[in-house]
2 protein chains.
Amino acid sequence: MLNYLSAGHGTRDAARFSAPVECSSCRARQLCLPAGATDHRNVDKLVGRRIKVSRDSNLYKAGDLVGNRFYAIRYGSFKNYRADAAGQPRITGFQMSAEFLALDAIGLQQHNCTAVALEDSEVCEISCGSMKPLLPFFHSILSKEITDEQNVALLLRNTRAEQRLAAFLLNLSWRYGVRGFSPARFRLAMSRRDIADFLGLTPESVSRLMFQFKDQNLINVTGRDVTLVDAIGLKQLAANAGGAPGAALDATPQTLPLPRGEL
Amino acid sequence: MLNYLSAGHGTRDAARFSAPVECSSCRARQLCLPAGATDHRNVDKLVGRRIKVSRDSNLYKAGDLVGNRFYAIRYGSFKNYRADAAGQPRITGFQMSAEFLALDAIGLQQHNCTAVALEDSEVCEISCGSMKPLLPFFHSILSKEITDEQNVALLLRNTRAEQRLAAFLLNLSWRYGVRGFSPARFRLAMSRRDIADFLGLTPESVSRLMFQFKDQNLINVTGRDVTLVDAIGLKQLAANAGGAPGAALDATPQTLPLPRGEL
DNA sequence: CGCCGCATTGATGTGACTCAAGGTGCGTGG
DNA sequence: CCACGCACCTTGAGTCACATCAATGCGGCG
């Protein structure tokens, strides 16, 4: 059980609860929910219970009842998948600490996607009701989530596989950096297959591209360990809409600050 | 001015205000904001002013100040575009009556995308503050918007151009149907180019596919007038992940009720 | 040791983009 | 009223990126 790389086949449902911790003492404090909130009285009332989710386990499955709750990740990381038009599960995104799960299910009776831990993780359960004192903040994270999803969709319209992978790596780098980890060296929590599925490519293409980037001295890779050697070069690659279709339009050139938030 | 087909080059900023109308007497009432709300006192307090937006005009542009407001479309339709990684504007979606604009900008200082009317339209301005009495509903539409964007991303991962266009047509059909228009016959509000841009294809491909569908007796097309002849066939096409990559994964087969909400 | 899943690598096919040219409908101006 | 111009749309031939198929290497686990 628990292969070196893995997550995928035979997920389990395990979920253990852990002792309550106050938000104010949480490592993810600066990035997570009430990032700007100075009123700590409200902050610590937000969180219901904490839930440990071991690697390859589901936090929730498509079809599970929602119950007006969502989750903030304390540590660890998740992949999120749901059925595509053909009924096949496809990865819709990866989430890491201080990011949220199930924001897309708030108005719903039951979840329409499944969240699987990529490593041993822990999440905080938050009831929407408890967000009342922080409504503007709550709304902004919902809104931001919409933007993030739009960014994913934009990425996928960038036909070229190169750009997708480059943007993906840059996005991860950015997110690690913000969390205090090295933005230049990190370990991928997900398999090539997961990456490929998320980017709408094949694992073979991802593999080849990784080595292409390596040959171009943009990155270093061995297995899941990635080092960004030339982030600027990567950015140029991600931006070069090379063979991408569309492109023209009205043209009100705006610059996107590049990867922001979850992918 | 105002060519037969158009929207695209030389958009304007015109915006006229019109006399207040009560939500309770609005044509879009059943689909729009407080769909289920029985308490009409709250309903009519939601809307600030109404804004007429003529064809090819912007409701807002990327960079405009937000001001804690969003919009519900009373009649007409819009396209929404923003800069991709290369700084080129790309269409992120189309919106029609009883759908919302600027939900992605709620926490922000300024808009990061531009909304252009595809035909003469009118929108209702809604301040987030006024949503207090309808918070659960408000949250559900935000949440639903996230889901819709995920659906777009899913669609775009379905590599095959056939499926993208089929799904797009079905989605439009569904949305027209829900609004009391014929789901089988409708007129596209957007150009081939807009469709192509949105779907990550080229106008040529869209054109060819339209005729391919016609040859297969799935639809009828002349210009922008579309008739769905064999919706079931189209659905099968949209679902047949034929040459799409990925596909496998853990497999917890779930069926997606197909097109729901905005694309 | 042998199995299995993941990752890599190569050979081949094809879908969709590219480039280029021609058709069509509407608006404009003579 | 007709001719022209301009988008938009269509259609065709050639090319290339990525998927597909297939085989091998590698590491962990039973």
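Chain letters run A, B, ... following the sequence lines, proteins first, then strands; residues in each count from 1.
Side chain of B/Tyr60 to backbone of B/Ala102: a donor-acceptor contact under 3.5 angstrom is found. Under the 3.5 Å distance criterion, the side-chain polar atoms of B/Ser121 are matched with a main-chain donor or acceptor of B/Ser77. A distance-only check finds a donor-acceptor pair linking the side chain of B/Arg157 to the backbone of A/Ile91 [under 3.5 Å]. Remark: side-chain polar atoms of A/Ser97 are not paired, donor with acceptor, to backbone N or O of A/Ile73 under 3.5 angstrom. In this structure, B/Arg192 contributes its side chain and B/Gly223 its backbone to a donor-acceptor pair below 3.5 Å. Here the side chain of A/Arg164 pairs a donor or acceptor atom with the backbone of A/Leu199 at under 3.5 angstrom.
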- For nucleotides 10-16 of chain D, just jot down a letter per nucleotide in 5' to 3' order: B, S or -, based on protein non-hydrogen atoms under 4.0 Å. BBBB---

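With contacts defined as side-chain heavy-atom distances shorter than 4.5 Å, the pair B/Phe213/B/Leu228 does not qualify.
In this structure, B/Leu165 atom CG and C/dG15 atom P are separated by 17 Å, rounded to whole Å. One atom, CD of A/Gln212, and another, P of C/dG10, lie 14 Å apart when rounded to the nearest Å. Between the CZ atom of A/Arg193 and the P atom of C/dC4 there is a distance of 16 Å, rounded to whole Å. Residue A/Asp197 contributes atom CG, which lies 15 Å from atom C1' of C/dC6 at whole-angstrom precision. Atoms CZ (A/Arg164) and P (D/dA19) sit 8 Å apart, rounded to a whole Å. The interatomic distance linking B/Arg224 (CZ) with D/dA7 (C1') rounds to 10 Å, in whole Å. For the pair A/Leu201 CG and C/dT8 P, the interatomic distance rounds to 14 Å; values are reported in whole Å. The distance between atom CD of A/Gln163 and atom C1' of C/dC17, rounded to the nearest whole Å, is 14 Å.
Remark on the helix from C/dC1-D/dG30 to C/dG30-D/dC1: inter-end axis angle 30°, axes from five-pair C1' superpositions, rounded to 10°.
A distance below 6.0 Å separates the ring centres of A/Phe94 and A/Phe198.
Between A/Arg55 and A/Asp120, none of the side-chain N atoms (NZ, or NE/NH1/NH2) sits under 4.0 Å from a carboxylate O, so this pair counts as no salt bridge.
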